There are 2 protein chains.
Amino acid sequence: MTSDKRKSVIDAAATSFAHFGYKATSMDQIAKIAKVGKGTIYNYFSTKEELLKEIIQNFAAEMRQVATDAITPGNSFVSNFNEALHEVVKFREQQELTIKLSQEVKEFGTPEAVEALQSLENEICDFIESRILLAIERGELRECDPKITAFLMFKMYINLVNDWKERHESLPKEQIASLINLYFIEGLANNNM
Amino acid sequence: MTSDKRKSVIDAAATSFAHFGYKATSMDQIAKIAKVGKGTIYNYFSTKEELLKEIIQNFAAEMRQVATDAITPGNSFVSNFNEALHEVVKFREQQELTIKLSQEVKEFGTPEAVEALQSLENEICDFIESRILLAIERGELRECDPKITAFLMFKMYINLVNDWKERHESLPKEQIASLINLYFIEGLANNNM
DNA sequence: CTAGTGACTAAAAAACCATTTTAGTCATAT
DNA sequence: ATATGACTAAAATGGTTTTTTAGTCACTAG
């Protein structure tokens with residue numbers, strides 16, 4: 001089967017990117033790990049960047065699947081949101097890829113890594129946006145711009161997971177979920193006065 | 001008067017840092033602009049970084065003043081928050097120093113510049129934190145961790161002002177105010193069901 | 001014919017070294 | 001006691017050589 005080789009190339013590249021980063025992975029190395037000739041890679045992918053893009057797309061699809069699976073149709077938006085968030089966090093931690101790419105962006109500013117993470121971010125935001133739209137239709141959330149809301153929810157998540165721990169202790173998953181719930185869903189206004 | 005020289009050193013350094021950046025400013029150059037011998041600088045500041053820190057501290061004090069001036073005692077927490085942050089950002093943009101330092105961080109990752117901007121951010125967060133504490137005491141906000149809250153409010157503001165406009169149209173001041181109010185204070189939960 | 005391949009090349013990155021610049025010192029001067 | 005500029009060790013810079021690497025292509029096996 002022909003796509004047999006294609007698959008092993010993708011697998012080899014994915015592990016190497018995750019392990020050493022995009023920049024530090026050479027096409028020769030990928031060929032070696034995948035146990036194919038270097039020319040073979042170019043039968044399936046026109047360029048190294050193309051290869052990364054495909055891997056990121058696969059990753060995004062997997063993540064979407066994980067998130068979708070965590071959603072229980074009958075449950076509330078908040079509960080589903082927390083559940084999905086929790087599963088995605090778990091899934092992302094398993095994958096070294098994004099962590100490594102983030103490091104690379106910070107350290108070298110590798111343009112391909114920047115773009116890869118960018119597109120991943122877009123995928124995630126699009127997904128959240130679609131769920132927000134549903135929740136608004138169902139009357140669970142009040143009217144709001146779904147694009148901006150999705151963007152901010154994602155960013156807040158990143159702020160809590162990544163940026164906060166640069167200055168202080170990193171926060172446990174449960175606390176992150178409850179914080180997002182507190183700020184975003186319930187709001188800080190004191191209605192019990 | 002002895003602190004006469006100290007002042008001119010600070011002024012010279014501040015203008016040169018703002019104009020050429022921290023890295024591209026040499027101590028010789030500062031001495032020249034300040035019209036003092038290089039040794040004189042070291043009578044007042046033990047190191048180049050020390051000099052930057054002092055300048056940043058002065059800057060932070062000015063910023064705090066701007067923020068305080070923007071606060072109207074009778075108004076709501078959110079309204080004051082947005083007004084103050086807006087003035088602070090405007091003030092920061094007027095000053096070339098922070099812009100130049102930001103560029104330097106992006107381009108070279110100069111550690112001193114990173115730290116300087118970091119400490120500015122901390123000052124801002126500390127200020128917000130103190131206002132949040134007041135608002136909680138006054139019963140305007142419900143109980144919450146003031147440090148995390150301040151951090152997230154600051155970040156959300158930056159997300160809306162800077163990060164959003166990298167992908168989409170930049171948002172007008174009023175909309176940012178109402179968005180922060182919507183997400184942070186009121187919350188998205190639809191309580192009218 | 002088709003998919004696979006590794007030797008090959010031009011271009012980019014890294015390693016190297018000579019030269020210059022610069023942060024910080026200090027002996028001297030005021 | 002404060003001010004200073006010549007001085008030094010360390011770091012930055014620039015230019016050159018060497019190595020690595022993305023991508024090609026003539027060739028092979030099936």
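Chain A is the first sequence line, chain B the second, and so forth, proteins listed ahead of strands; every chain is numbered from 1. Because the structure is predicted, anything quoted here is derived from the model rather than measured.
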field: Ionic contact status for Glu83(B) with Lys173(B), cut-off 4.0 Å
entry: yes

- request: Run through the side-chain heavy atoms of Ile, Leu, Val, Met, Phe, Trp and Tyr, join any pair under 4.5 Å, and report what else lands in Phe127(A)'s cluster.
  value: Ile71(A)

- prompt: With the sugar-phosphate defined as primed atoms, P, OP1 and OP2, and the base as all remaining atoms, what B/S/- string results for nucleotides 18-30 of chain D, 5' to 3', for protein heavy atoms under 4.0 Å?
  reply: ---SBBB------

Once you round it to whole Å, what is the distance between [atom2] of [N] and [atom1] of [X]?
| X | N | atom1 | atom2 | result |
| --- | --- | --- | --- | --- |
| Lys5(B) | dA1(D) | NZ | C1' | 13 Å |
| Ile41(A) | dG4(C) | CD1 | P | 12 Å |
| Phe45(B) | dA3(D) | CZ | C1' | 15 Å |
| Lys35(A) | dA3(C) | NZ | P | 24 Å |
| Lys32(A) | dT5(C) | NZ | P | 16 Å |

Please list every donor-acceptor pair under 3.5 Å in which a side-chain atom of residues 74-82 of chain B meets a protein atom from a residue at least two apart or in another chain.
unit_1: Ser76(B); atom_1: OG; unit_2: Ser79(B); atom_2: N; d: 3.2
unit_1: Asn80(B); atom_1: OD1; unit_2: Thr72(B); atom_2: N; d: 2.9
unit_1: Asn80(B); atom_1: ND2; unit_2: Thr72(B); atom_2: O; d: 3.0

Non-neighbouring partners of Phe45(B) that pass ring-ring contact (aromatic ring centres under 6.0 Å, His included), sequence neighbours left out: none

statement: For Phe151(B), the ring-ring contact (aromatic ring centres under 6.0 Å, His included) test, sequence neighbours excluded, returns Trp164(A)

message: Tell me which pairs pass ring pair (Phe, Tyr, Trp, His ring centres under 6.0 Å) where either residue lies in residues 86-116 of chain B, with sequence neighbours left out.
response: Phe59(B)-Phe91(B)

message: Are there over 12 heavy-atom neighbours, none belonging to Glu115(B), within less than 6.0 Å of that residue's CD?
response: no

query: If an axis is fit to five pairs at each end of the helix from dC1(C)-dG30(D) to dT30(C)-dA1(D), what is the angle between the two, to the nearest 10°?
result: 20°

- prompt: Pairs in or reaching into residues 18-33 of chain A: which pass side chain to side chain donor-acceptor pair (under 3.5 Å), with residues at least two apart or in two chains?
  reply: Ser16(A)-Thr25(A)

field: Any pair counted as side chain to side chain donor-acceptor pair (under 3.5 Å), so long as it reaches residues 175-184 of chain A, sequence neighbours left out
entry: Asn181(A)-Glu186(A), Tyr183(A)-Thr149(B)

task: Among residues two or more places apart or on two chains, list those pairs meeting salt bridge (charged side-chain N to carboxylate O under 4.0 Å, His left out) that have a residue in residues 70-82 of chain A.
output: none

task: Could you note down all residue pairs passing salt bridge (charged side-chain N to carboxylate O under 4.0 Å, His left out) where residues 66-77 of chain B supplies at least one of them, sequence neighbours left out?
output: none

task: Output the residues of residues 105-113 of chain B in contact with DNA chain D, where contact means a heavy atom of the residue under 4.0 Å from an atom of the strand; sort by number or write none.
output: none

